[in-house]
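Structure first, then comments.
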Amino acid sequence: MQIHSLELTDFKGIGHLRLADLPERGVVVVHGNNEAGKSTVLNAIDAVLWEKHSSKKKSIKALKPAGGGAAGAGAGTASSHAGGDRNGGPTVAIEMTVGPYRFTLSKRWLKAPYARLTITAPRPENLTDEDAENRLKEILDEHLDEKLLHTLFLRQGQEFAARIQAAGIPSLSTALDARSGAGEAGGAGSAYAGSDYASSAQTSSAPSSSVQADNDALMQRVEAEYSRYFTQKENKPAKELKSAKADLDAAEAAATEAEAKLRELDSFVARYEDVERQLATTEEKLPAAREELSVRREEAEKARAAAEQAAARRDEYRRALEDLERAQQAQQQRQNLAVEVEKLTAEAESARNVAAEKQEQAADEESRIAELMAQLDEAKQAHATARQAVRDARAAKDQAADRQELTALDTLLADVALAESNLDSAREAVAACGRIIEDSDVTAVDDAAGEVRVQRALAESAAAKLWVSSTADDEIRVDGKSTPLSADPHPVELREGTTVEIGSVTARYAAGAAAAGSADAGAQLEKAEARLADLLHDLGCTDADEVRARRDEHRELLATRDAAVREWEAVIGAKDVGELRAKQTALRDKLGSDEETVEHQTADAMAAAAEALANAERAEEEAQAAVDNADAALAPRRERPFGRDAAIVQSNVDNVERMLAAKKSEFEHAVAGKSDDELNAWIESARAAADKAGRDVEEAERQVAAADPDMAEKLLVGAQAQLETLDKRRSDAEAERYRLTGYIEQAAGAAETVEIAQADRQAAADTYAAVNRRAQAAKRLRDLLVTHRDAARRRYAEPFATKLGALASSVFGGDVSFTLDADLAIEQRVHDGVAVPLGALSGGAQEQLSILTRFAIADLVADPDSESVPVVVDDALGSTDPQRLQLMSTLFADAGRQSQVLVFTCDPDRFSRVPGRTEIDIESMKLN
């Protein structure tokens, strides 16, 4: 049997989980936090295989999804898990192979329950519900041992599961019969009727009456003798045998205890010797570790010093280069000064010669300029008189223009006021509408109204109807709304909860399951009507016609407003109304007259003012011509080119002489501060110092590279860590030595105690042997059939005990065997000769045995020519120490090579040493 995939939907606390593509062999570790659903997966496997889909028992009701509601998804579909309630019934789908059959089984319980079985091999079959359940039972009964399956599912929270009554597992019994050969002898290993053997042994010849009498007498004597040593009812030791056995048990217990203490003493001594060797080894290593730390510390200090020295050499080299650069710059500056002094001396001599010639030309030029200036002054005086006359005439004309502009402003602003009033009125009308209804609003309302008509038609076609009529003037109330009646039948649509009042009679309609379609149609109609009502409410209208009418009204108001805007823009254009009104006020203040007299005065004065201005301007032009002529005569000389040239030349002379003096002073100062020889010596000295500093830097860098400060520091840290480790190891060893010394001192004299206890045990054994020989002589005849039965049972149990011992040796080490009872359940573990009852073992050992037992069963019943038997372990090995975990990992790996092993755990690190395992985070299997 193998499980290929498993899917859970709305199953207890799991909304949706899928475990797919499981390997037929190998270890699969499914891990997750506590309460993540690991144990729920095992519950799902149990439920889908053994619980009918129609079951309503308490254990099935406990599978309901957490937070689930009343309504579930339709058959064969998974309910929604992305937000909202989980309303579906618990659903499980499993794909598996059992015998030759590979199939997918799906079941849902409680809400819309169903069962589906799809068989893909050896031939396709599809069955549902009871047929699926019956076919599944046939397959499981024929090819699956249910008790074996439950045994190999190690569940979290079970009682100690190592004490398995293996003899009660049919498939294991068959396997053990085959291995022991008991099956060929009539199945003696699984039979308990030993009397059959006695009967068959006696059928070869019938004893005579006398022989029978002798046998009866012998039997009476055997029974009498048997009673000295055993109880008749329970066949337990009694009297002499019981007393001898009690003495022997007490002696053996004392000897066992003494031997255990002696072995414990041996272990303490061995451990003490190990600690002594460890302490000696540590002491040997400590001097070298201290020496290494000292060397590493010295090396690190030298490396740090080398790095600091290299940094200092680099600073010296940088300063030497800067000093050389300053010396070279000083030499170059002095050479530049000498060249500039020579150049400026030549320039100063040339400039002085040119300046003398220009001075003579400038004196002649000044005499002629004085004559022409007198003529120009007379012409300017005449022009000033004419210019004043023009200003007076222009002022008169400007006043007339101001009057004319004021008239135009008055007309324009009157038009602006009218357009502004029209625009304000249009805007107020639009604002009064509130919510503007547009074409999109009309479209939305039309669509909603159309949806209402469609849903109403669907509801009317699906809804039940009550036709009501009256020959009198009556009315009825439907859901609180009055409706008049006439002789013509009036339809009343009936939906879930519809209330009809006829006089004092009130009827309420309740739809049955068959009316689900009508209820859905009614719900859709209500939803569509609610949407239409919301749209109309938002628009402030009662129906679509009103929406359309108000849309047209609003469209006209918007058009009027836009026209007023265009009129306003046409009147005002790019002008600013505020500036126009401010200008109107300024002109009125400037003219100082009212609007009625402005136009008359402007008409009378404009022509005379224009003519006076024209005459004044002609007179000014004539005077200006006289000034221009005089100025033209003076113009060539006004700029005084000779005087300007003379001034420029003289200024140049002064500038060159100042520059020459400054450069001479700078050159002399430089020479006085440091001579040329001193300057050259400075450069050579600086160059030599820079070269030496460069060589020093290279040498320092080589020393740093050789010392490797980073590596020296790391080696120092490592040496410190090694010394600290050795110091701690020595301290721990000394403490362990003191502890072991105390144990050894307490166990002094153990060897002598063992010798005495062994002697007592031998004496008790001799006494018991003598009594037991007599007891067994009496018992032999009576227990012959039981002896044969016990021998057959031992042969039957041997393969199981051998397999269990082999697995246990891998974990516990040494020689391990087990004492099994008649049901093949473990009674005690025998480890290196020491027998410990199962209940006295530690929790970790019991936990390990529970897994080993299942691995042994799985191995024994596995058929190499067919599929393996799966082993499922839920949250185990929590009490197992790290060393045993490593050993258990090897057994998990071995089991996974021939079986499918599924492990559910909250700590996947427990199984990290299992090679080839498949790890799956349970959260990754949940599809939300």
Side-chain angles (χ1 to χ4, degrees), residues 1-6 17-34 36-39 41-42 45 95-97 148-149 151-156 161-162 802-814 816 844-925:
M1 165 188 165
Q2 290 94 32
I3 299 173
H4 305 298
S5 68
L6 180 70
L17 179 148
R18 179 170 174 78
L19 179 61
D21 300 325
L22 292 176
E24 293 184 359
R25 286 177 172 80
V27 179
V28 178
V29 179
V30 179
H31 60 88
N33 295 330
N34 291 329
K38 301 184 295 298
S39 298
V41 173
L42 301 185
I45 297 175
E95 182 183 3
M96 59 192 304
T97 296
L148 173 66
L149 183 64
T151 299
L152 297 185
F153 275 44
L154 177 56
R155 307 292 298 274
Q156 180 184 12
T802 301
K803 173 59 67 176
L804 189 58
L807 294 177
S809 296
S810 299
V811 176
F812 300 107
V816 182
Q846 294 188 43
E847 182 181 51
Q848 293 143 25
L849 279 178
S850 69
I851 296 175
L852 297 182
T853 304
R854 284 160 174 81
F855 283 166
I857 293 173
D859 183 77
L860 289 170
V861 302
D863 184 354
D865 298 327
S866 64
E867 68 274 11
S868 60
V869 180
V871 179
V872 179
V873 180
D874 185 14
D875 224 4
L877 300 182
S879 301
T880 300
D881 59 66
Q883 182 178 3
R884 290 271 176 87
L885 273 177
Q886 297 179 25
L887 300 174
M888 289 296 294
S889 295
T890 64
L891 296 184
F892 272 87
D894 292 340
R897 277 189 281 272
Q898 66 177 12
S899 301
Q900 185 183 62
V901 181
L902 304 181
V903 178
F904 295 84
T905 180
C906 61
D907 184 8
D909 288 341
R910 297 176 192 166
F911 305 92
S912 63
R913 294 179 179 270
V914 179
R917 71 191 180 284
T918 301
E919 283 197 8
I920 303 174
D921 188 342
I922 194 170
E923 295 300 327
S924 68
M925 301 188 300

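Reckoned from all heavy atoms, side chains included, excluding hydrogens, waters and symmetry mates.
Of the possible donor and acceptor atoms, none in the side chain of Glu919 sits under 3.5 Å from a partner among the backbone N and O of His31. A distance-only check finds a donor-acceptor pair linking the side chain of Arg917 to the backbone of Ser912 [under 3.5 Å]. A distance-only check finds a donor-acceptor pair linking the side chain of Lys38 to the backbone of Gly32 [under 3.5 Å].
Residues satisfying the side-chain hydrogen bond (donor to acceptor under 3.5 Å, both in side chains) criterion with Thr905, sequence neighbours excluded, are absent altogether. For Ala806, there are no side chain to side chain contact (heavy atoms under 4.5 Å, CB included) partners, not counting sequence neighbours. Residues passing the side-chain hydrogen bond (donor to acceptor under 3.5 Å, both in side chains) test with Arg910, sequence neighbours excluded: none.
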Output, in order, the C-alpha distance, side-chain angles, deciding distance and verdict of side-chain contact (heavy atoms from CB on, under 4.5 Å) for Leu902 and Val30. CA-CA 8 Å; Leu902 304 181; Val30 179; over 6 Å; no
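The local environment of CG in Asn33 is sparse, with at most 12 non-hydrogen atoms from other residues, nucleotides or ligands closer than 6.0 Å. Atom CZ of Arg884 is surrounded by more than 12 heavy atoms from other residues, nucleotides or ligands within 6.0 Å.
Rounding to the nearest 0.5 Å places CD of Glu95 at 11.5 Å from CD of Gln2.
Looking only at side-chain heavy atoms (C-beta outward), Val872 and Phe904 come within less than 4.5 Å of each other. Taking the side chain as every heavy atom from C-beta outward, Val873 and Phe911 never approach each other to under 4.5 Å.
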